[in-house]
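Every value quoted in this text rests on a predicted model; they were computed, and no experiment measured them.
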Amino acid sequence: MNQALVIGAGAFFGFELCKALLDAGYPVIAADQETDPGFLLEERWMEIGRNANLDYQPLSRLSPEKCTCCIPVYDYYVRDAREDLQDACRFLEPFKAQIERVALILPNHLAVAEQAEWVPGVLGDCARITFFVPALFGPGQPGSLAFSQMIKGNPEPDLKYDDRDALFAADAAVAIVSELEKGETGKAFYLQSPDGNGWEPVARFLTQDTGSPTLPSCRLEAKGEQEPMIVRPSVSWHAAIQQQIACQRKNS
């Protein structure tokens, strides 16, 4: 992998992908709709610090070289921002010859239903590799997800975008980058925690004063030809959710 282009880099999982790619030593183009790189001044981006391998490029002024294009559809899906995703990907049209492969990161919800509606048509016949992910949590988790709502004191959050399994977003990003390093295409993976039940213990911790939480549905109903990818935690789920709690409280 020569260079990585991350579409929607300013969003939740887009950031984690950028960080994991940079930590692995790859040049990264962080692309977003922003007219200026203001999001790079956010605290989590400041953690990366000055990195010669990081190049911010507004989508309107993209100039990638040969690259792997990472598209975290997950971020757009949990914001119900399909039009924003399609608009962002239209900027890729002039550079399809530079895109060696596309890495799609989709929520488990799209393993069967609506997938065609969320995969940008501009990608056409580009070589691709696909990753399905359960609920992701950690600093920067969008407010549409249950853990974010629970931290704000809502014991009965909207579970529309959640899943029976959950992963620390930073660990999911590292697992995806490790697979991308193999250079393969034409495969599809589903990421899961070691026991496949990563959501419930975190939810019980967050709602311990208000009773047992309602569990979300298992969104990955049909695995088909997808290969399992077990994501080994770098920290305990307790330490991971404490990072999210600290981030939300600081920004509230």
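- Both F15 and L85 sit in one connected hydrophobic cluster of ILVMFWY residues. Membership requires side-chain heavy atoms under 4.5 Å apart, directly or through other members.
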| query | Is there a side chain to side chain contact (heavy atoms under 4.5 Å, CB included) between I241 and F147 once you walk through the steps? | reply | CA-CA 9 Å; I241 196 62; F147 294 168; 4.1 Å; yes
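- The main-chain N or O of K66 is never found under 3.5 Å from a side-chain atom of Q98 such that the two would form a donor-acceptor pair.
- In this structure, D32 contributes its side chain and G10 its backbone to a donor-acceptor pair below 3.5 Å.
- Within the 3.5 Å criterion, the main-chain N or O of A135 finds no donor-acceptor partner in the side chain of D165.
- Residues R164 and E200 fail the side-chain proximity criterion, which asks for heavy atoms closer than 4.5 Å.
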| said: Could you go through I71 and C89, starting from their C-alpha distance and side-chain angles, then the distance that decides it, and tell me whether this counts as side chain to side chain contact (heavy atoms under 4.5 Å, CB included)? | reply: CA-CA 9 Å; I71 305 178; C89 288; 4.0 Å; yes
May I have the list of side-chain donor-acceptor pairs in residues 17-25 shorter than 3.5 Å, sequence neighbours left out?
unit_1: K19; atom_1: NZ; unit_2: D23; atom_2: OD2; d: 3.1

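- V177 and F131 end up in the same hydrophobic cluster when Ile, Leu, Val, Met, Phe, Trp and Tyr side chains are linked at under 4.5 Å.
- At least one donor-acceptor pair under 3.5 Å links the side chain of N251 to the backbone N or O of C247.
- Among the candidates Y77, F132, Y74, the single residue satisfying the ring-ring contact (aromatic ring centres under 6.0 Å, His included) test with W118 is Y77.
- Sorted by first and then second residue, the ring-ring contact (aromatic ring centres under 6.0 Å, His included) pairs with a member in residues 231-252 read F205-W237, F205-H238; sequence neighbours excluded.
- Two different hydrophobic clusters hold V133 and V174 under the rule that ILVMFWY side chains link at heavy-atom gaps under 4.5 Å.
- Minimum heavy-atom separation, F13 to A169: CE1-O, 3.3 Å.
- V6 and Y26 end up in the same hydrophobic cluster when Ile, Leu, Val, Met, Phe, Trp and Tyr side chains are linked at under 4.5 Å.
- Taking a 6.0 Å sphere around CD of E181, one finds it holds more than 12 heavy atoms contributed by other residues, nucleotides or ligands.
- Using a 4.5 Å cut-off on side-chain heavy atoms (C-beta onward), I7 and C70 make no contact.
- Shortest non-hydrogen contact noted between I105 and A103 is CD1-O, 3.6 Å.
- Closest of all the heavy-atom pairs between V235 and D171 is N-OD2, 4.4 Å.
- Here the closest heavy-atom approach between residue P194 and residue V231 is recorded as CD-O, 3.5 Å.
- Under the 4.5 Å side-chain criterion, counting only non-hydrogen atoms from C-beta, I230 is in contact with Q192.
- Hydrophobic clustering (side-chain heavy atoms under 4.5 Å, transitive across Ile, Leu, Val, Met, Phe, Trp, Tyr) keeps L145 apart from L159.
- A distance-only check finds a donor-acceptor pair linking the side chain of S144 to the backbone of V78 [under 3.5 Å].
- Using cut-offs of 30° and 60° for the angle between ring planes, the F137 and F168 rings count as tilted.
- For F95, there are no ring pair (Phe, Tyr, Trp, His ring centres under 6.0 Å) partners, not counting sequence neighbours.
- When all heavy atoms of G198 and S193 are compared, the closest pair comes out as N-OG, 3.5 Å.
- Here the shortest heavy-atom pairing between C69 and L92 reads SG-CD1, 3.9 Å.
- Because its NZ or CZ atom is both nearer than 6.0 Å to the ring centre of Y76 and within 45° of the ring axis, R79 counts as a cation-pi partner of that residue.
- In this structure a side-chain-to-backbone donor-acceptor pair under 3.5 Å is present from Q149 to D158.
- Side-chain contact, D55 with Q57: a donor N or O sits under 3.5 Å from an acceptor N or O.
- Atom CD of Q244 sits about 11.0 Å away from atom CZ of R249, to the nearest 0.5 Å.
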| task | Kindly determine whether V202 and M150 satisfy side chain to side chain contact (heavy atoms under 4.5 Å, CB included), including the steps that lead there. | result | CA-CA 10 Å; V202 181; M150 291 174 181; over 6 Å; no
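- Side-chain atoms of L59 and L62, non-hydrogen and from C-beta on, do get closer than 4.5 Å to each other.
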| message | Could you walk me through whether E65 and I29 satisfy the side chain to side chain contact (heavy atoms under 4.5 Å, CB included) test, starting with their C-alpha distance in whole Å, then the side-chain angles of each, then the deciding distance to 0.1 Å, before giving a yes or no? | response | CA-CA 10 Å; E65 299 174 356; I29 295 176; over 6 Å; no
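- Annotation: Q242, atom CD; neighbour count of heavy atoms from other residues, nucleotides and ligands within 6.0 Å is above 12.
- Side-chain polar atoms of E227 and Y190 form no donor-acceptor pair below 3.5 angstrom.
- Looking at T68 and R101, their side chains do bring a donor and an acceptor atom within 3.5 Å of each other.
- Contact check for V119 versus R128: side-chain heavy atoms found under the 4.5 Å cut-off.
- Residues S148 and Q248 are in side-chain contact: their nearest non-hydrogen atoms beyond the backbone lie under 4.5 Å apart.
- The side-chain heavy atoms of L136 and F12, taken from C-beta on, include a pair separated by under 4.5 Å.
- More than 12 heavy atoms of other shown residues, nucleotides or ligands fall within 6.0 angstrom of atom CD in Q208.
- Side-chain atoms of W199 and P216, non-hydrogen and from C-beta on, do get closer than 4.5 Å to each other.
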